[in-house]
2 protein chains.
Amino acid sequence: MTGPERADAARNRAAILAAAAELFDRDGVEEVSMNDIARHAGVGKGTIFRRFGDRTALIEAVLLPRAAAMRRLVHHGPPPVGPGGEPLEALHALLDTLFDFVWANRTLIRALEHRVPHSYYAHSSSRYWLDELARRLTVTHPHDDTEYLTHILSTALRADVVDYLVSVRGMALDQVRAGLHRLAFPCVPPPSLADVDRRSVS
Amino acid sequence: MTGPERADAARNRAAILAAAAELFDRDGVEEVSMNDIARHAGVGKGTIFRRFGDRTALIEAVLLPRAAAMRRLVHHGPPPVGPGGEPLEALHALLDTLFDFVWANRTLIRALEHRVPHSYYAHSSSRYWLDELARRLTVTHPHDDTEYLTHILSTALRADVVDYLVSVRGMALDQVRAGLHRLAFPCVPPPSLADVDRRSVS
DNA sequence: TCACGATACGGACCGGCGGTCCACATCGGC
DNA sequence: GCCGATGTGGACCGCCGGTCCGTATCGTGA
């Protein structure tokens, strides 16, 4: 066991991740076999399993850097999504950021949920933003049942729920986004469309 | 093509459905192969495929009579869940009936959703109770966005969402049920626990 | 009762999957 | 340049859902 990883191994890891990301995105996760990825990356199938263990771990490995980027944005980025902004703006910015992340990675997220039931809520890389959401809700909704609200919002943010609204019910993305913000304030009338537009364009 | 079906064929259909229902229930849908079902039913694998077409259709066939029973209850049963009762009671009774159905058949429903994305909302045997829910909401919430409310409630009734709350978060069934009823009336305080108990015991 | 076409049966068989194995190639410190 | 540690790749494995077809069973009309 030398320090980290041999040079050729690192090269192959990168090639596999790139090939997997491209094929998953292009053809849908379920349509891509491990053999496809191996061929496309120019490596043997055994190499993939040696690097990543199994199919589930490979999917996670493709998703991980994207989740980490979002996490960095939330924890160290500029306000309003990063720390230091006005609480209400911070909550809405977080919702938008989560929504964008879920939408952009919906195929990977759905595939993971498919292979590891409840991973959407229970997976460690999900927990942190569920907790962050709860934290911001506690500030903006000090008198409500924030655990309950967190659950409602995180369910509305499920990749398959959003996907259904858009691809089966034909809702526009901004409609779904507006519904999400409205859900956070169930007892006030929904904001005017102009407000919603201003927020989601930023 | 004689009239309906030969006697041995009908016998086998029943045996297959019974075997599938038992194994799905006992071991979980994903753990049961078509060979398992064939062996357990005492028929050849070919017979299953001849009768039902493919695995998805077999799962649907196991679920169908249960959904039909619920449908009968809602359309022809005694009030409050059947027609003729007081609107508010009718809505709550429907929510309870749907909740019980989803919980009792959560493994089958999840397996179907797994094989046919969005089937939970889009499948014909789901449509009718989504429509019924919307109908009753229109009566009890004449001034609200009932389409939106229907979506929120049907999402809260997803088999995987309920399953997560119970099996991962450790919520009691009656808590989840209470949350469902509360969701239908977001702007009034939740009913006292006594009310909830009275309703769900009936 | 029997004969015969229509129908159903069942398990060998197929292609493809995720995952394993191991003879061989490649790396990199000395 | 040597040599043990590390990495490689594709043949191979068991299993899956699904098909095929020679054989068995049904039920009708005579």
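Computed from a predicted model, the values in this text were never measured in an experiment. Order of the sequence lines fixes the chain letters, A, B, ..., with proteins taken first and strands second; residue numbering starts at 1 for each chain.
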S.K.: Can you check the A/Phe52 CZ to D/dG7 P distance for me, whole Å?
M.R.: 13 Å
S.K.: Measure CZ/A/Arg51 against C1'/D/dG9 and give the value in whole Å, please.
M.R.: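 About 13 Å, once rounded to whole Å.
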S.K.: If you look at every strand shown and take non-hydrogen atoms under 4.0 Å, does A/Arg50 touch a base, only sugar-phosphate, or nothing?
M.R.: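 The answer is base, as A/Arg50 lies within the cut-off (heavy atoms under 4.0 Å) of a base atom.
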S.K.: Grab the CD1-P distance between B/Ile48 and D/dT19 for me, whole Å please.
M.R.: 13 Å
S.K.: Check every strand shown and say whether B/Ala38 touches a base, only sugar-phosphate, or nothing at a heavy-atom separation below 4.0 Å.
M.R.: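 Nothing, no nucleic acid heavy atom in range.
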S.K.: Distance check needed: C/dA12 P versus B/Arg39 CZ, whole Å only.
M.R.: 12 Å
S.K.: Of all residues at least two apart in sequence or in a different chain, which pass the salt bridge (Lys or Arg N to Asp or Glu O under 4.0 Å) check with A/Asp144?
M.R.: none
S.K.: Considering only residues two or more places apart or on different chains, which pairs with a residue in residues 155-167 of chain A satisfy salt bridge (charged side-chain N to carboxylate O under 4.0 Å, His left out)?
M.R.: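 Found A/Arg106-A/Asp163, A/Arg110-A/Asp163, A/Arg158-A/Asp160, A/Arg158-B/Asp160, A/Asp160-B/Arg158.
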S.K.: Please list, in numerical order, the residues of residues 8-29 of chain B that have a heavy atom closer than 4.0 Å to any atom of DNA chain C.
M.R.: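 The answer is B/Asp8, B/Ala9, B/Asn12.
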S.K.: Is the terminal nitrogen or CZ of A/Arg13 (NZ for Lys, CZ for Arg) located under 6.0 angstrom from the six-membered ring centre of A/Phe52 and within 45° of that ring's axis?
M.R.: yes
S.K.: Determine, for nucleotides 13-25 of chain C in 5'-to-3' order, which nucleotides have protein heavy atoms under 4.0 Å from the base (write B), from only the sugar-phosphate (write S), or from neither (write -).
M.R.: ----SBBBB----
S.K.: Salt bridge check: are A/Asp174 and A/Arg177 linked by an N-O gap of less than 4.0 Å?
M.R.: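 The answer is yes: the pair qualifies as a salt bridge.
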S.K.: May I have the distance from B/Ile59 (atom CD1) to D/dG17 (atom C1'), rounded to whole angstrom?
M.R.: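 Value for this atom pair: 12 Å.
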S.K.: May I have all residue pairs that pass salt bridge (charged side-chain N to carboxylate O under 4.0 Å, His left out) and include part of residues 130-141 of chain A, sequence neighbours excluded?
M.R.: A/Arg127-A/Asp131, A/Glu132-A/Arg135, A/Glu132-A/Arg136
S.K.: Please name all residues satisfying side chain to side chain contact (heavy atoms under 4.5 Å, CB included) with B/Pro80, sequence neighbours left out, ordered by chain then number.
M.R.: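 In terms of side chain to side chain contact (heavy atoms under 4.5 Å, CB included), with neighbours along the sequence ignored, B/Pro80 is linked to B/Glu89, B/Ala93.
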S.K.: Between A/Arg115 and A/Asp54, is the closest basic N to carboxylate O distance under 4.0 Å?
M.R.: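 Salt bridge: no.
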S.K.: Verify the ring-centre separation between B/Phe185 and B/His92: is it less than 6.0 angstrom?
M.R.: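 Under 6.0 Å, so yes.
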